[in-house]
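Naming: A, B, ... by sequence-line order, numbering from 1 per chain.
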Protein chains: 2
Amino acid sequence: MKTLVSRCPIEEVMQVLSGRWPTLLIYYLKDGTKRFSDLRRDNPTISHKMLTLELRKLEDAGIISRTEFEGYPLHVEYDLTSVGERLVPLIDALGDWWEEAIGPDAPHNEFATPKSRSVT
Amino acid sequence: MKTLVSRCPIEEVMQVLSGRWPTLLIYYLKDGTKRFSDLRRDNPTISHKMLTLELRKLEDAGIISRTEFEGYPLHVEYDLTSVGERLVPLIDALGDWWEEAIGPDAPHNEFATPKSRSVT
DNA sequence: CGGTATCCTCGGAGATACTG
DNA sequence: CAGTATCTCCGAGGATACCG
């Protein structure tokens, strides 16, 4: 999803938020400042490379800020920007919608509707 | 993004909504009932195969409904379910957030912040 | 520690053709 | 018309190694 097929802002947001990591990273950053290695610990299955790429993408989108400290070893901190913070409740709403959509009984990790397809 | 790495509902929604098409399809369906071929016209660049796959995914998630009519040639209609309709304003909110995030002046099709990375 | 570069693979997604 | 089945290919993303 590198290119856009529409001029729709929706498609543009999704370009940034699509995938497993963006929303998860935003969520971990909600708790406050995190370092690169913190985020790796929070997301044990993300690869080194992907983490940098995803962080860069979010930074470019203005959702997170990157602060580099002088000295050795390197020390970098990531934070949500104010723009990023305003995104959090929207993501929350999606999560709530989902939980309601699949019903309170629904097993996590599994899609909801047993789907009886209607035939007329 | 086939598997989940967390038990977080956020990750589960994103699994369904990630990618270029899901939100766009939901948007076109917002206008009312659409047939398969209508959706292809709306999204000229989506492939036959992808359209069926994406529609199936949304159907499985309970966001859209599929109604098949008897007769020949085949006739199938897609609609948002009530669950899907409740999703629309949330997606709208994301679009609004994005437009505000990148600023009213921002050129579409391009990321926003000129990014001067902070160094301390 | 955080980031970049290189290599390699595996599956997402296009093209095409066929069926009910 | 809507959907499925094959084949194919390209690139997202993992593993590894090296640098400031």
Side-chain angles (χ1 to χ4, degrees), chain A residues 1-5 11 14-25 28-29 33-60 64-79 115-120, chain B residues 1-5 11 14-25 28-29 33-60 64-79 115-120:
Chain A
M1 227 184 82
K2 212 159 265 183
T3 56
L4 293 170
V5 299
E11 192 186 346
M14 290 315 294
Q15 204 172 16
V16 177
L17 299 185
S18 276
R20 197 209 310 289
W21 305 115
T23 48
L24 286 181
L25 291 177
Y28 285 116
L29 285 172
T33 302
K34 296 263 187 174
R35 300 182 55 170
F36 188 87
S37 40
D38 294 330
L39 292 169
R40 286 217 74 187
R41 261 184 293 279
D42 291 335
N43 305 278
T45 65
I46 195 174
S47 73
H48 196 91
K49 180 179 158 191
M50 281 310 292
L51 181 54
T52 59
L53 290 179
E54 297 288 348
L55 287 172
R56 199 72 68 239
K57 184 172 69 171
L58 293 174
E59 191 194 353
D60 290 350
I64 66 175
S65 65
R66 200 192 93 114
T67 313
E68 195 176 321
F69 293 86
E70 296 294 352
Y72 196 86
L74 260 47
H75 179 127
V76 177
E77 288 183 355
Y78 290 94
D79 282 284
K115 72 173 158 182
S116 53
R117 300 165 128 214
S118 48
V119 177
T120 308
Chain B
M1 227 184 83
K2 210 160 264 184
T3 56
L4 294 169
V5 299
E11 192 188 344
M14 290 315 293
Q15 202 174 19
V16 176
L17 299 185
S18 277
R20 197 209 311 292
W21 306 116
T23 49
L24 286 181
L25 291 177
Y28 284 115
L29 285 172
T33 301
K34 296 262 186 175
R35 299 183 55 172
F36 188 87
S37 43
D38 294 330
L39 292 169
R40 287 216 72 185
R41 262 184 293 279
D42 291 335
N43 306 276
T45 63
I46 195 174
S47 72
H48 195 91
K49 179 180 158 190
M50 281 310 293
L51 182 53
T52 58
L53 290 180
E54 297 288 348
L55 287 172
R56 200 72 68 240
K57 183 171 70 170
L58 292 174
E59 191 195 353
D60 289 351
I64 66 175
S65 65
R66 198 192 95 112
T67 312
E68 196 175 319
F69 293 87
E70 295 295 350
Y72 196 87
L74 259 47
H75 178 127
V76 176
E77 289 184 353
Y78 290 94
D79 281 285
K115 71 174 155 179
S116 52
R117 300 166 129 212
S118 48
V119 177
T120 310

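Comparing dG3(C), dG3(D), dG13(D) by their closest approach to the side chain of Val76(A) singles out dG3(C). Checking dT6(C), dT4(D), dA2(D) against the side-chain heavy atoms of Arg56(B) singles out dT4(D) as nearest. When distances are taken from the side chain of Lys49(A) to each of dC1(D), dA13(C), dC7(C), the shortest belongs to dC7(C). Closest to the side chain of Arg66(A), from the set dC1(C), dG3(C), dC1(D), is dG3(C).
Place Thr45(A) and Pro73(B) on DNA chain D by their nearest nucleotides, and Pro73(B) ends up nearer the 5' end. Projected onto DNA chain C by closest heavy-atom contact, Thr52(A) and Tyr72(A) fall at different nucleotides, the more 5' of which corresponds to Tyr72(A). DNA chain D is contacted by both Glu54(A) and Phe36(B); Phe36(B) maps to the nucleotide lying nearer its 5′ end (nearest heavy atom per residue).
One can place CD of Glu68(A) at 7 Å from P of dG3(C), the figure rounded to the nearest angstrom. Taking atom CG on Leu51(B) and atom C1' on dG12(C), their separation rounds to 16 Å, with Å as the unit. For the pair Gln15(A) CD and dA12(D) P, the computed distance is 12 Å after rounding to whole Å. In this structure, CG of Leu53(B) is placed 8 Å from P of dT4(D), rounded to the nearest angstrom. Between Arg40(A) atom CZ and dG3(C) atom P there is a gap of 11 Å when expressed in whole angstrom units. Rounded to whole Å, atom P of dC1(C) lies 16 Å from atom NZ of Lys34(A). Atoms CG (Leu74(B)) and P (dC18(C)) sit 19 Å apart, rounded to a whole Å. Remark: P of dC10(D) and CE of Met50(B) are 18 Å apart, rounded to the nearest angstrom.
The two residues Ile64(B) and Leu55(B) have their closest heavy-atom pair at CD1-O, 3.5 Å. Nearest approach of Pro22(A) to Lys57(A), heavy atoms of both residues: CG-NZ, 4.0 Å.
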Going through the distances and angles, do Asp38(A) and Arg41(A) end up as a salt bridge (Lys or Arg N to Asp or Glu O under 4.0 Å)? CA-CA 5 Å; Asp38(A) 294 330; Arg41(A) 261 184 293 279; 3.3 Å; yes
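Classified by interplanar angle (parallel below 30°, tilted 30° to 60°, perpendicular above 60°), the ring pair Phe69(B)/His75(B) is perpendicular.
In this structure, Glu11(A) contributes its side chain and Val5(A) its backbone to a donor-acceptor pair below 3.5 Å.
Between the side chain of His48(A) and the base of dG3(C) there is at least one donor-acceptor pair of N/O atoms closer than 3.5 Å.
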